[in-house]
Amino acid sequence: MPPEPLTDRQQEVLEFIQSHHRKHGVSPSLREIQAHFGLASPFGVKRHVDALTAKGALHRLDGKARGLLPAGQAQRAALIDIPLYGTIPAGLPVDAEQQPDGYVAVDTRALGVRPNAKLFALRVRGDSMIEANIVPDDVVFLTPREPRPRDIVAALIDGESTLKRFLVQRGRAFLRAENPRYPDLMPAAELIIQGVMVGLLRTVKS
């Protein structure tokens with residue numbers, strides 16, 4: 001049996017939910033839907049949402065305040081395409097321009113971040129972070145924010161890029177490897193944190 005057709009208002013509500021989800025990474029609340037359409041009561045919104053759910057145009061995520069998902073997005077609800085910008089040395093820093101290589105689809109729930117969080121990815125080369133279980137060819141996911149001591153960061157130190165642990169000692173920030181063969185990196189002029197690591201993807205080679 002073909003799905004029951006939507007009314008004009010149900011179609012408008014569905015399109016608003018789809019648009020909000022694309023823009024913000026989450027669905028609107030019932031009150032936001034109510035405000036958008038200028039409805040006097042949230043009960044009218046609930047009736048439309050219940051009808052859309054019954055007709056299969058929406059899915060609900062249990063226990064989620066913003067758990068309305070347009071049909072077809074349920075399986076990719078938390079998947080986002082994260083840009084992959086080339087490689088970053090996990091060794092001695094080098095002066096290398098980063099070039100985007102493509103995108104990596106990741107479930108944001110696995111990273112513990114919001115679906116609309118700003119993220120980027122870099123592929124690791126070098127062995128200076130092996131004691132933090134980061135090895136060559138790993139893809140690390142980072143978000144641009146202020147680092148806290150002991151965060152693993154992608155950084156520009158005096159114009160050269162590297163992946164290291166961020167530390168502060170006596171008020172001075174510096175970078176440390178997770179491999180005793182590498183020295184601490186003390187900035188001579190500047191230390192710019194490009195992103196803080198929030199996750200890692202490893203491809204197991206056969």
Side-chain angles (χ1 to χ4, degrees), residues 21-26 61 64 73 75-169 171-206:
H21 201 282
R22 286 193 299 268
K23 183 176 181 180
H24 301 285
V26 294
L61 294 179
K64 299 289 187 181
Q73 289 184 305
Q75 296 302 315
R76 288 184 58 89
L79 286 180
I80 59 172
D81 291 325
I82 300 175
L84 176 65
Y85 291 108
T87 60
I88 187 167
L92 295 176
V94 298
D95 185 5
E97 181 181 354
Q98 300 298 313
Q99 296 293 333
D101 285 346
Y103 293 85
V104 183
V106 173
D107 187 337
T108 53
R109 293 170 297 190
L111 299 180
V113 298
R114 295 174 298 177
N116 61 343
K118 186 176 181 182
L119 298 167
F120 64 97
L122 296 167
R123 191 176 301 278
V124 174
R125 58 187 174 87
D127 63 356
S128 76
M129 298 300 289
I130 56 173
E131 293 189 8
N133 197 31
I134 301 173
V135 301
D137 290 328
D138 282 350
V139 172
V140 291
F141 301 104
L142 306 105
T143 186
R145 67 164 171 82
E146 287 296 317
R148 295 184 291 266
R150 300 203 59 77
D151 279 344
I152 294 174
V153 301
L156 282 174
I157 181 166
D158 299 324
E160 300 179 338
S161 63
T162 191
L163 184 77
K164 294 289 185 290
R165 195 173 294 281
F166 175 81
L167 295 172
V168 178
Q169 192 172 74
R172 186 178 183 187
F174 65 100
L175 303 177
R176 175 168 291 172
E178 290 287 346
N179 182 332
R181 295 194 299 109
Y182 291 86
D184 289 346
L185 299 174
M186 310 295 294
E190 67 176 1
L191 175 61
I192 300 172
I193 305 303
Q194 298 169 302
V196 174
M197 179 176 157
V198 295
L200 177 147
L201 177 66
R202 177 169 299 159
T203 301
V204 179
K205 298 179 179 179
S206 59

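Because only heavy atoms are used, hydrogens play no part in the values below, and waters and symmetry mates are left out as well, while side chains stay in.
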Smallest separation among heavy atoms of [X] and [Y], with atom names:
{"X": "Leu142", "Y": "Gly195", "result": "CD2-O, 3.6 Å"}
{"X": "Asp151", "Y": "Arg145", "result": "OD2-NH1, 3.3 Å"}
{"X": "Leu191", "Y": "Ala155", "result": "CD1-CB, 4.0 Å"}
{"X": "Leu185", "Y": "Phe174", "result": "O-CB, 3.3 Å"}
{"X": "Pro187", "Y": "Arg172", "result": "O-NH2, 2.9 Å"}
{"X": "Ala189", "Y": "Asp158", "result": "N-OD1, 2.7 Å"}

Under a 4.5 Å cut-off applied to non-hydrogen side-chain atoms, are [X] and [Y] in contact?
{"X": "Phe141", "Y": "Leu122", "result": "no"}
{"X": "Pro144", "Y": "Lys118", "result": "yes"}
{"X": "Ile152", "Y": "Val196", "result": "no"}

Exam field: side chain [X] to backbone [Y], donor-acceptor pair closer than 3.5 Å:
{"X": "Arg123", "Y": "Asp137", "value": "yes"}
{"X": "Arg125", "Y": "Val135", "value": "no"}
{"X": "Asn179", "Y": "Arg181", "value": "yes"}

Could you measure the distance from the [atom1] atom of [X] to the [atom2] atom of [Y]? Nearest 0.5 Å is fine.
{"X": "Arg165", "Y": "Asp184", "atom1": "CZ", "atom2": "CG", "result": "12.0 Å"}
{"X": "Met197", "Y": "Met129", "atom1": "CE", "atom2": "CE", "result": "7.5 Å"}
{"X": "Tyr182", "Y": "Leu175", "atom1": "OH", "atom2": "CG", "result": "14.5 Å"}
{"X": "Glu178", "Y": "Leu163", "atom1": "CD", "atom2": "CG", "result": "10.5 Å"}
{"X": "Arg176", "Y": "Phe166", "atom1": "CZ", "atom2": "CZ", "result": "12.5 Å"}
{"X": "Ile193", "Y": "Glu146", "atom1": "CD1", "atom2": "CD", "result": "8.5 Å"}

*Check the side chains of Ser128 and Lys164 for a donor-acceptor pair under 3.5 angstrom, ignoring hydrogens and angles.*
yes
*asked:* For Arg150, give me all partners under side chain to side chain donor-acceptor pair (under 3.5 Å), at least two apart in sequence or on another chain.
replied: none
_Quick one, Leu156 with Glu190, criterion side-chain contact (heavy atoms from CB on, under 4.5 Å). Give me CA distance, side-chain angles, the key distance, then yes/no._
CA-CA 8 Å; Leu156 282 174; Glu190 67 176 1; 5.8 Å; no
_Can you tell me which residue among Leu201, Leu200, Thr87 is in a side-chain contact (heavy atoms from CB on, under 4.5 Å) with Val139?_
Leu201
